[in-house]
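Below is one structure, written out as structure tokens; the observations come after it.
Along the sequence shown, residues carry numbers from 1.
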Amino acid sequence: MNSTASLRRTETRARFSAAKAATVLAALMLTVVVMSFRPFQPAGAGIADDVAASGGDIVNQLGFGSLGAVALFSMLCLADRRRLAALLSPWWLLLLGFLALSVINAADPPSAVRAASFTLIGIAAICAVLTLPRDADSFSTSIAFAGFFIIGLSLAGLVVFPNEARHTADSLEPEHAGLWRGVFSHKNIAGPVMACFSFAGIYLLRRGWRRSGVLLFCAAMLFMLNTGSKTTAGLVPLSILVVVLPGLIGMRLMTPVLFALAITGTGLATLGIVFIEPLKLLAHQLAPDLTYTGRTALWEFSGEMIARRPWTGYGYESFWGTPIVTEADQPFDRDWDIRGIVHGHNGYLDIAVIMGLPALVIAVVAFLIEPLRDYMKIPLRKENVYLGDLFMMITLFAALNAFLESFFFRRVDPVWLFFVFGVLGLRLAARFPVASGTSQMS
């Protein structure tokens, strides 16, 4: 009898030790993959992962290579195999297949392989972050640690590294001088990341972690507002209202309907006024100066180039910044000089540009339709609902932001990784009951 009780106590201690180790690994991986190994890049240095993928930053190369190995090893040793299997969406596997084809079709396949490897490492790290925590308390600890550490370091950087934590007049975009970017390379990355951490603050607050939730939400919102990202500032309250409000009034299934309406409306208001002639004429009559800061010129150019290679695209990392664009003619009346642009400022069009229209169709299913199906399947258990709402807010925010920015499959771009976090997180929230704490789970 005593030996049986002793064995049970030993098993319980081992279970708690493994759970703690998994939580620590998840927290550290989420922090590193969002922040990168080279925070506070000097002005003009470019995005840290871009430097790494081009082979010029040995710190990020070794760091992310090691991170990928740790992610795979920790998932094999500490994660529930059923949860790992649930992440293998057939639509995502098809999309990764198109990514592989675009690498083969790239103008410089070796460089494309290096860049794509960073994308896969980032996805693997996010899968580990989602599957390692054993319960809601562990997950909350992981995301709270990452949020407080990154925001705290970014705020400290405003004092210690003011020229690196803010945009300056000496940068390539002097019009952004004074705007906060913290540990990130640009305000358009810092803003969306802070938006996602504000959603995490709401999640913690709803779970009963009141002080942590309120503090994280307020700190993230403060930093986000000082990035000057108007798009982010507008999408954050919309994402919160679309996801949280229907549940509060007992109409939770309205969220997928509102999600679909928001995506459709934004698509028509952006790409629609470029490619749908009646909408184009209507927009010209109602708002003749509506160009989304010159983005419509980029989208017109992207559409013309997609029409030349609709099935295969131009290959991964083989369009923007290449001679196809840099040596193109620049009409005098074009709103934006496309020759110096690093991406098309629309993630959906950029998928078609690098992978072709068939890949875009698969991406729409994987990124937009499947998350809605998963959300509707989430069991009405408190922890599952709270977690599902967090993932849905992140997914909706990033999906809407992608109509004006481009981050899909962009190496270890933090906004892209948060989007992966939201979409794959919905798969898990829909398929597995979430325990509140390790003691309950035991």
Start with the C-alpha distance between Phe275 and Glu300, add both sets of side-chain angles, then the distance that settles side-chain contact (heavy atoms from CB on, under 4.5 Å), and finish with yes or no. CA-CA 8 Å; Phe275 299 111; Glu300 288 176 356; 5.7 Å; no
Report yes or no: do [X] and [Y] form a side-chain donor-acceptor pair below 3.5 Å?
X      : Y      : result
Thr168 : Asn163 : no
Asp389 : Tyr375 : yes
Tyr316 : Thr119 : yes
Ser111 : Arg114 : yes

What heavy-atom pair brings [X] and [Y] nearest, and what distance separates the two atoms?
X      : Y      : result
Phe419 : Ala398 : CD1-CB, 3.4 Å
Pro371 : Thr395 : CB-CG2, 4.3 Å
Leu258 : Pro246 : CD1-CG, 4.0 Å
Ser198 : Ala220 : N-CB, 3.7 Å
Ala116 : Val103 : CB-CG2, 3.8 Å
Ala359 : Leu95  : O-CD1, 3.6 Å

Using a 4.5 Å cut-off on heavy atoms from C-beta on, say whether the side chain of [Y] contacts that of [X].
X      : Y      : result
Phe403 : His345 : no
Val242 : Met254 : no
Phe391 : Leu424 : no
Asn60  : Ser36  : yes
Phe407 : Asp350 : no
Thr322 : Glu317 : no

Determine the interplanar angle of the Trp416 and Phe409 rings, folded into 0 to 90°, and report it as parallel if under 30°, tilted if 30 to 60°, perpendicular if over 60°. tilted
Report the relative orientation of the aromatic rings in Phe408 and Tyr348; use parallel for angles under 30°, tilted for 30 to 60°, perpendicular for over 60°.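 Perpendicular: the ring planes of Phe408 and Tyr348 meet at over 60°.
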Reported [atom1]-to-[atom2] distance for the pair [X] and [Y], which is rounded to 0.5 angstrom:
X      : Y      : atom1 : atom2 : value
Glu277 : Leu282 : CD    : CG    : 11.5 Å
Leu290 : Ile273 : CG    : CD1   : 4.5 Å
Ile123 : Phe421 : CD1   : CZ    : 14.5 Å
His167 : Leu179 : NE2   : CG    : 6.5 Å
Met355 : Arg309 : CE    : CZ    : 15.5 Å
Ser74  : Leu25  : OG    : CG    : 5.5 Å

Within 45° of the axis and under 6.0 Å from the centre of the six-membered ring of Phe64, does NZ or CZ of Arg411 qualify? no
Cationic tip of Arg82 above Phe432 ring, under 6.0 Å, 45° of axis: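 No, Arg82 does not lie over the aromatic ring of Phe432.
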Check: [Y] main-chain N/O paired with [X] side-chain donor or acceptor under 3.5 Å:
X      : Y      : value
Ser142 : Ser138 : yes
Asn384 : Val434 : yes
Arg431 : Arg427 : yes
Arg81  : Leu76  : yes
Thr131 : Ala79  : no
Asn346 : Leu349 : yes

Before we go on, tell me: are the rings of [X] and [Y] under 6.0 Å apart, centre to centre?
X      : Y      : value
Phe418 : Phe397 : no
Phe217 : Phe199 : no
Tyr386 : Tyr203 : no
Tyr292 : Trp299 : yes
Phe223 : Phe184 : no
Tyr314 : Trp320 : no

Salt bridge or not between [X] and [Y]? Use side-chain N to carboxylate O under 4.0 Å.
X      : Y      : value
Asp80  : Arg134 : no
Arg295 : Glu405 : yes
Glu383 : Arg207 : yes

Could you walk me through whether Trp180 and Lys187 pass the side-chain contact (heavy atoms from CB on, under 4.5 Å) check? CA-CA 6 Å; Trp180 296 4; Lys187 72 180 187 67; over 6 Å; no
Begin with the C-alpha distance, continue with both residues' side-chain angles, and end with the deciding distance and a verdict on side-chain contact (heavy atoms from CB on, under 4.5 Å) for His343 and Arg410. CA-CA 10 Å; His343 58 71; Arg410 197 168 181 232; 3.9 Å; yes
List the residues meeting side chain to side chain contact (heavy atoms under 4.5 Å, CB included) with Ser229, not counting sequence neighbours, and say none if there are none.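 Ser229 satisfies side chain to side chain contact (heavy atoms under 4.5 Å, CB included) with Asn188, Thr227, Thr232 once adjacent residues are dropped.
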Could you pull out all residues at least two apart from Thr231 that satisfy side chain to side chain contact (heavy atoms under 4.5 Å, CB included)?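 For Thr231 the side chain to side chain contact (heavy atoms under 4.5 Å, CB included) partners, ignoring immediate neighbours, are Leu235, Asn401, Leu404.
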Candidate pair Ile202 and Leu390, rule side-chain contact (heavy atoms from CB on, under 4.5 Å), full reasoning: CA-CA 8 Å; Ile202 294 174; Leu390 167 64; over 6 Å; no
Tell me if the CZ atom of Phe73 is crowded by more than 12 foreign heavy atoms within 6.0 Å.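 Open: at most 12 neighbouring heavy atoms sit under 6.0 Å from CZ of Phe73.
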